[in-house]
Amino acid sequence: QQIRMMETMIQQGVDGIAISPIHPDALTPLIDKAMEAGIPVICFESDAPDSRRLAYIGPDNVLAGERMGKAIDRLLKGRGMVLVSTGFSESLNLRQRLEGFLNFINQNTQIDVLEVSYHQGISEQALANLEGMIDEHPHFDAFVALDFVSGAASILVWKAMGLNRYALTFGLMPEISEAIGNGQITLAVSQDEARWGELIVEQLLKASRNEEIPAFLDTGISLVGVETEG
């Protein structure tokens, strides 16, 4: 779908494109084609580092995964059992988050990651995966969602099952903020998502005026919820 959308926008001759590439290797030729056509391209949240894109807007996703690992470590005091859910296996940002998370957990704690499931961007699959993991590992201590879809699925499951376990997610969307207040989500790793749209438009406007823009705009990492240290 992203490939088709990129092809359409290039044919339309739009003035700028911002994309969070699900599969960077597949999107790189289209990003380069747009740049060759004089259409500035910016990546956000997930990068295509081998492409000719002008800039990447978002966090250091490896560091973000590490911050999630540190938060789990503090909550579980260095030991316990964790379930993990993520989206597309091809997405660079999700692979980097998982890498940072697992590296910290494996090197610094005695926490056992029981299972990592992939839902490929399908909400119903994320819900089914989570329910299946809980059935398979009923004595888990915490759930980590590496993307918003997984986090939203956990809200439904926690409400339905009345679970009293830690649930952590990425992305401070309104639904997640409400769930933190209601106790379904313990903590969210925010990357200042509310500012992404503004930053994207600002940088595309500069690019359209042939102004230089930084190759990496780091939106930072913050923790929101019961555990806010570090």
Side-chain angles (χ1 to χ4, degrees), residues 22-23 45-46 61-173 175-191 221 223-227:
I22 292 171
H23 195 312
E45 185 181 20
S46 186
N61 280 295
V62 174
L63 181 59
E66 180 181 321
R67 291 287 293 277
M68 178 68 86
K70 289 180 179 179
I72 279 286
D73 180 29
R74 286 193 291 269
L75 288 169
L76 297 183
K77 297 179 173 57
R79 60 179 66 239
M81 297 177 290
V82 176
L83 303 174
V84 178
S85 175
T86 185
F88 291 93
S89 56
E90 302 90 351
S91 292
L92 179 60
N93 64 322
L94 298 182
R95 295 203 312 267
Q96 290 173 332
R97 289 175 189 174
L98 182 61
E99 173 191 345
F101 177 75
L102 292 178
N103 283 347
F104 180 86
I105 292 297
N106 293 334
Q107 294 173 14
N108 300 280
T109 78
Q110 298 181 47
I111 293 170
D112 185 13
V113 177
L114 300 174
E115 188 174 347
V116 178
S117 69
Y118 295 84
H119 57 68
Q120 303 301 325
I122 302 170
S123 299
E124 294 79 8
Q125 189 63 54
L127 186 61
N129 287 353
L130 179 52
E131 291 173 338
M133 286 194 294
I134 292 173
D135 287 342
E136 185 72 20
H137 310 285
H139 302 297
F140 77 101
D141 297 297
F143 170 69
V144 172
L146 295 181
D147 71 312
F148 169 73
V149 173
S150 299
S154 74
I155 296 172
L156 297 176
V157 172
W158 261 239
K159 285 180 179 178
M161 301 180 67
L163 288 175
N164 185 23
R165 313 284 177 87
Y166 295 122
L168 294 81
T169 189
F170 275 86
L172 192 62
M173 311 305 181
E175 183 177 353
I176 299 299
S177 296
E178 181 180 351
I180 290 173
N182 293 336
Q184 288 101 23
I185 295 290
T186 310
L187 179 148
V189 176
S190 173
Q191 301 149 351
I221 303 162
L223 307 184
V224 179
V226 301
E227 168 56 70

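Side-chain atoms are counted along with the backbone in the values below, which use heavy atoms only and exclude waters and symmetry mates. Fair warning: this is a prediction, and the values are worked out from it, not measured in the lab.
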- Donor on one side chain, acceptor on other, His119 and Ser150, under 3.5 Å: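 There is such a pair between these side chains.
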
Check side-chain contact (heavy atoms from CB on, under 4.5 Å) between [X] and all other residues, then give those that pass, not counting sequence neighbours.
{"X": "Ser89", "result": "Tyr118, Gln120"}
{"X": "Ser177", "result": "Leu172"}
{"X": "Gln96", "result": "Asn61, Val62, Leu92"}
{"X": "Asn108", "result": "Phe104"}

Shortest non-hydrogen contact between [X] and [Y], atoms and distance:
{"X": "Val113", "Y": "Phe101", "value": "CG2-CE2, 4.2 Å"}
{"X": "Ile180", "Y": "Ala188", "value": "CD1-CB, 3.9 Å"}
{"X": "Leu187", "Y": "Ala71", "value": "CD1-CB, 4.2 Å"}

Are the side chains of [Y] and [X] in contact, using a 4.5 Å heavy-atom criterion?
{"X": "Met133", "Y": "Phe143", "answer": "yes"}
{"X": "Val157", "Y": "Glu131", "answer": "yes"}
{"X": "Phe170", "Y": "Thr86", "answer": "no"}
{"X": "Val84", "Y": "Leu102", "answer": "no"}
{"X": "Leu168", "Y": "Val189", "answer": "no"}

- Task: Please list all pairs passing the salt bridge (Lys or Arg N to Asp or Glu O under 4.0 Å) test where one or both residues lie in residues 88-102, with sequence neighbours left out.
- Result: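 Every pair satisfying salt bridge (Lys or Arg N to Asp or Glu O under 4.0 Å) with a residue in residues 88-102: Glu45-Arg97.
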
- Message: Taking side chain to side chain donor-acceptor pair (under 3.5 Å) as the cut-off, I'd like each qualifying pair that reaches into residues 134-144, sequence neighbours left out, listed once.
- Response: Glu115-His137

- Item | side chain to side chain donor-acceptor pair (under 3.5 Å) contacts in which one or both residues fall within residues 156-169, not counting sequence neighbours |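 Passing the test, one end in residues 156-169: no pairs.
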
Who are the side-chain hydrogen bond (donor to acceptor under 3.5 Å, both in side chains) partners of [X], not counting sequence neighbours?
{"X": "Ser190", "result": "Glu193"}
{"X": "Ser46", "result": "Asn93"}
{"X": "Ser91", "result": "none"}

- Task: Would you check if the side chain of Thr186 reaches a backbone N or O of Ala167 as a donor-acceptor pair within less than 3.5 Å?
- Result: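 Yes, because the side chain of Thr186 sits within donor-acceptor range (under 3.5 Å) of the backbone of Ala167.
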
Separation between [atom1] of [X] and [atom2] of [Y], rounded to the nearest 0.5 Å:
{"X": "Leu76", "Y": "Gln110", "atom1": "CG", "atom2": "CD", "result": "12.0 Å"}
{"X": "Ile111", "Y": "Asp73", "atom1": "CD1", "atom2": "CG", "result": "5.0 Å"}
{"X": "Ile72", "Y": "Ile105", "atom1": "CD1", "atom2": "CD1", "result": "6.5 Å"}

- Task: Pick out which of Ile176, Leu130, Leu83 makes a side-chain contact (heavy atoms from CB on, under 4.5 Å) with Ser154.
- Result: Leu130

